[in-house]
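Have a look at the structure below before the remarks.
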Amino acid sequence: MKVTRITATLAAFALALTACGGDDGDDAPGADDNGNGAAEEGDEPEVQRGGAYTTIITGLHATAPPNPYNPDGNSFAGYNSVRLAWVKNHPTSPTEFYPGLASEWEVTDDNLELTVTLHPDATWSDGTPVTADDVVVSSNIAYTRGSGAFILDPGAAGAASDIEVIDDKTVQFTQDPENPTREFVNGIMNMIIVPAHIYGDLLPDDFDELLQAARGEDDAADDAREAISEAGEDVVSFAPEEDISAGPYVLERINPSEALLVRNEHFHNDHLVAPDQVIARNYDGNEQVWDYLQAGELDSSHFVAVPEDVVQQIEARPGNEASRTYSPVVAGLAFNQTYEPFDDINVRRALAYIIDREQMVAVSTPDGGTAATTTSGIHQEVVGEWIGDTVGDLDPYAVDLDRAAEELEAAGLSEENGRWVLPDGDPFSVPIQVPGGFSDWIAAGENIATQLNEFGIDSEIRTSPDFTVYQEEMTNGEYPVGFWLIGLGPSPYNIYQRLYGSSNGWEVLAGRLSYNEPGESGNWKGGPETYDVEGHGEVNPGELAHELRTADEERTHEIMTILAQTTNEHLPVIQMWDYVNTQFSNTDRFITDPPDDARRVTGVTSLAGIWIQQGWVTAVN
């Protein structure tokens, strides 16, 4: 059977190129899939070593355990928490990776079988070798949490139906052929790996039997699923006596302000790790990160939204440098259509014609985004890749105040003394909800409110105390209008789940798609189940988004075209800006020089740990 084979040495070859002064980003040989001239093992240059590398991590909890499954745990991906591989977030391919604990992986061309080989020198920080048993235990723990490819109710990411240990360093995964998905490989490779000799006893002795029983549909299956779920609760609450890591660092100490991680000398690529220590400073909002950067206290920061004047202040600090790359994320102004008059398509279109997105981005996030050229649900950097020339058929919703007035009048609103009123005579009001600490969203909301007030629509921003509260209250349907991230590429399925997934009524249970009415089971967007779309008739966008899990390439492009048009015509959100991945580094103590695609590795908020372990950070002496 034909396989695609990928080796870890590709990353080392990319390192060699960047060390020569070039940063070819996605064009670098290290970003490709196949063995196109990769360096041989042992050819990797050693980095300049020494010193403490300072970066940022939010949500430090000084009393939480170093447990990667604990939501407050002091376990940091890329530093003291590891995966088989790190997902690159390629613009259109979700199955490209940088190596983690895996040194090789092979995928059959039907995507049903994945064989993973662990790095031969992978070792835990207590000296215990990393083996296939660690992968099996980690897979079983993933089932207790329903994460990645390990879902007892086969859903979005598919299900691993079988795990076979080939030898001490090799494991083979098989996807359920009855419910295959394109996310299978991604779900396996992105799995957290923990030591079996520490976590193995948390699982029931008869876990394999429970797992088989849980795949049934009878009462015994329900009991087995409940037992597995209870084991997951034990895993989440587990507090290891010490931090045992297979990554480049172990946690030494922590307080509410910062964490100190020290070198794990057993790390298999320790010769590529430059800093002896990592200091991770806590932050609660963008302004705090700006202060650190302006003071020259950070060796690098991940994405942070920054107004233009602050960018200048940061770059004025000697040694500070900015990098700007593609980021597969889009900011949208979302509507809860259970609130009138936002259930009226004419009202949503009127708002789209009023808001000057260029002006809004210029004052809110000039360095962190580009004004959306239209609403498609897809980042404008890749929209052509998915829907081709049909992007030109979409309404750009350029500013047109006359058209906006026509749309409002079509919805039954009228203008009285320069202010727009609803059909019952009450003022038309647009409250815009934003979370505290999100400076770009706050500034954008203020500008939108100003534009709407100038047009004659009452509008103001309302601020939630933090993002956690914001998400919870939004899910509860407490806001008629608020910001919402969409277009989360590269997977086509993920791109449209933010619009036509559980938040808009469509839910996957036991591999079957169902629809919840507005206001029920997390459906806070409250859009209709079907739309009448020009040229396509009646469209069920949730069913089409669900089909993206398994569709072939031709069908994927067809579905993406229909969903882009549906989104453009019916505006469940107005696409505001497409993010630019703006990151900062300082060259006083370290040279931080990852390829562009390593600046957007998915599912990891603090990327420096991955850069360090790949050898893209070098100390300056």
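In this chain, residues are counted from 1 in sequence order. Since this is a predicted model, take the numbers as computed values, not measurements.
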Which heavy atom in Leu548 sits nearest to a heavy atom in Pro492, and how many Å separate them?
CD1-O, 3.4 Å
With rounding to the nearest 0.5 angstrom, report the CG to CG distance, Asp72 to Asn70.
5.5 Å
Please report the interatomic distance CG(Asn80) to CD1(Ile244), rounded to the nearest 0.5 Å.
11.0 Å
Could you pull out all residues at least two apart from Asp299 that satisfy salt bridge (Lys or Arg N to Asp or Glu O under 4.0 Å)?
Arg589
What residues, two or more places apart in sequence or in another chain, satisfy side chain to side chain contact (heavy atoms under 4.5 Å, CB included) together with Gln277?
Ala52, Leu260, Val262
Under 3.5 Å, which donor-acceptor pairs link side chains of residues 190-207 to any protein atom two or more places apart or in another chain?
from	atom 1	to	atom 2	distance (Å)
Asn190	OD1	Arg83	NH1	3.0
His197	NE2	Asp126	OD2	2.9

By the salt bridge (charged side-chain N to carboxylate O under 4.0 Å, His left out) test, which pairs, at least two apart or in different chains, include something from residues 229-242?
none
Which pairs with one or both residues in residues 245-266 pass side chain to side chain donor-acceptor pair (under 3.5 Å), sequence neighbours excluded?
Arg263-Asp270, Arg263-Asp276
For Tyr98, does the six-membered ring have the charged nitrogen or CZ of Lys88 within the cation-pi criterion, i.e. under 6.0 angstrom from the centroid and within 45° of the normal?
yes
Hey, is the main chain of Trp124 close enough, under 3.5 Å, to the side chain of Thr128 for a donor-acceptor pair?
no
Would you say the side-chain atoms of Trp611 pair up with the backbone N or O of Ala598, donor to acceptor, closer than 3.5 Å?
yes
Would you please name every residue forming a ring pair (Phe, Tyr, Trp, His ring centres under 6.0 Å) with Phe590, sequence neighbours left out?
Tyr53
Crowding at CG, Asp219 (>12 non-hydrogen neighbours, <6.0 Å):
no
Assign the ring pair Tyr500 / Trp506 to parallel, tilted or perpendicular, where the plane angle (0 to 90°) is split at 30° and 60°.
perpendicular
